[in-house]
Amino acid sequence: MIKALFFDIDNTLYDWESRRYIVSGIEAIKQAKKQGVKVFVCTARPYASLKDFGVFDLGVKWNGIISNCGAIVTCGNRTLRKMTMSADKIRKLCKIALKNQLTMELVTPRTRFLIAPGNTYLENYHGTYSDAVPPVHPYRGDEVTGVLLFAPEEYDPLFKNECPELNYYRFHECGVDISEGEHRKGDGISIILNHLGFRKDEVIGFGDDYQDITMNESSIFVCVGNGKDAVKEAADYVCPRIADDGILEALRHFGVLK
């Protein structure tokens with residue numbers, strides 16, 4: 001019996017090709033929840049981005065959120081995990097970015113902000129991800145869970161040489177996630193499973209991209225048909241594309257819905 005479902009957002013619930021949430025997938029989640037199945041968001045997006053992106057306006061009452069790729073884990077009203085970066089590391093990153101006329105998005109548990117006004121690199125990024133542009137203000141010692149650097153690949157050695165102890169994940173030609181300590185979605189799922197007393201074979205995780213692969217360590221992992229080939233290879237099951245009702249089909253396949 002499936003007791004919980006974990007969903008990535010981009011290209012899993014939201015189709016960037018048609019730039020819309022797929023209605024059949026959202027309605028399937030609502031139906032599963034009516035049947036007593038717990039439903040969770042499991043995304044690299046921070047909380048503020050989820051809010052701006054309409055995730056909380058879909059009519060789904062989520063049982064919890066794994067955000068920042070596992071840095072923040074909540075279940076109900078409880079925060080089960082919060083990974084933050086040291087203030088010294090943030091100040092060092094800010095110094096490097098500002099010296100090179102770059103901007104970064106600093107992510108806090110509930111908000112986000114830019115350390116400098118946007119530039120062509122930020123515009124390039126938002127040409128792919130139509131996300132809201134956060135306010136601009138300097139770093140003031142805020143509690144930061146992660147950093148999004150807007151810069152092309154040529155700047156990678158500059159930051160890695162100055163701050164080699166940090167983790168860097170480039171997912172866009174002008175977008176790099178920077179964290180202190182590895183952020184893994186699978187770890188976030190495991191934390192929730194331990195909290196609820198669920199087993200791996202009682203939950204299903206849905207995703208499409210490389211950061212979703214660790215979901216297979218703590219759930220039955222489903223890759224949507226529009227996902228990357230390497231992710232499909234790591235999956236327990238590959239459903240149709242989300243635009244072709246893939247989420248609904250997968251939930252029927254595993255007996256969650258009839």
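Since this is a predicted model, take the numbers as computed values, not measurements. Nothing fancy with the numbering, it's 1 onward along the sequence.
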Around K200, counting heavy atoms of other residues, nucleotides and ligands shown, do more than 12 lie under 6.0 Å from its NZ?
-> yes
Would a line drawn from the ring center of Y210 to the ring center of Y169 be shorter than 6.0 Å?
-> no
Please answer: with hydrophobic residues joined when any side-chain heavy atoms are less than 4.5 Å apart, are V41 and V107 in the same cluster?
-> no
For A230 and I213, work out which heavy atoms get closest and say how close.
-> O-CD1, 4.1 Å
Is the closest side-chain heavy-atom distance between I220 and I2 below 4.5 Å?
-> yes
Under 4.5 Å between any side-chain heavy atoms of F113 and T108, yes or no?
-> yes
What distance do F6 atom CZ and I192 atom CD1 have between them, rounded to the nearest 0.5 Å?
-> 4.5 Å
Any chance you could lay out the side-chain contact (heavy atoms from CB on, under 4.5 Å) test for Y155 and N100, step after step, and finish with the verdict?
-> CA-CA 9 Å; Y155 287 94; N100 289 275; 4.2 Å; yes
Under 3.5 Å, side chain of R81 to main-chain N/O of G70, donor-acceptor pair present?
-> yes
Once you round to the nearest 0.5 Å, how far does NZ of K160 lie from CD1 of I178?
-> 9.5 Å
Indicate yes or no for a side-chain donor-acceptor contact from H183 to the backbone of C69 under 3.5 Å, with no hydrogens or angles considered.
-> no
Check whether the ring centres of Y129 and Y125 lie less than 6.0 Å apart, and answer yes or no.
-> yes
Same cluster (ILVMFWY, side-chain, under 4.5 Å), Y121 and M104 | yes
Is the distance between the ring centroids of W16 and F53 under 6.0 Å?
-> yes
Evaluate whether atom CD of E153 has more than 12 neighbouring non-hydrogen atoms of other residues, nucleotides or ligands under 6.0 angstrom away.
-> no
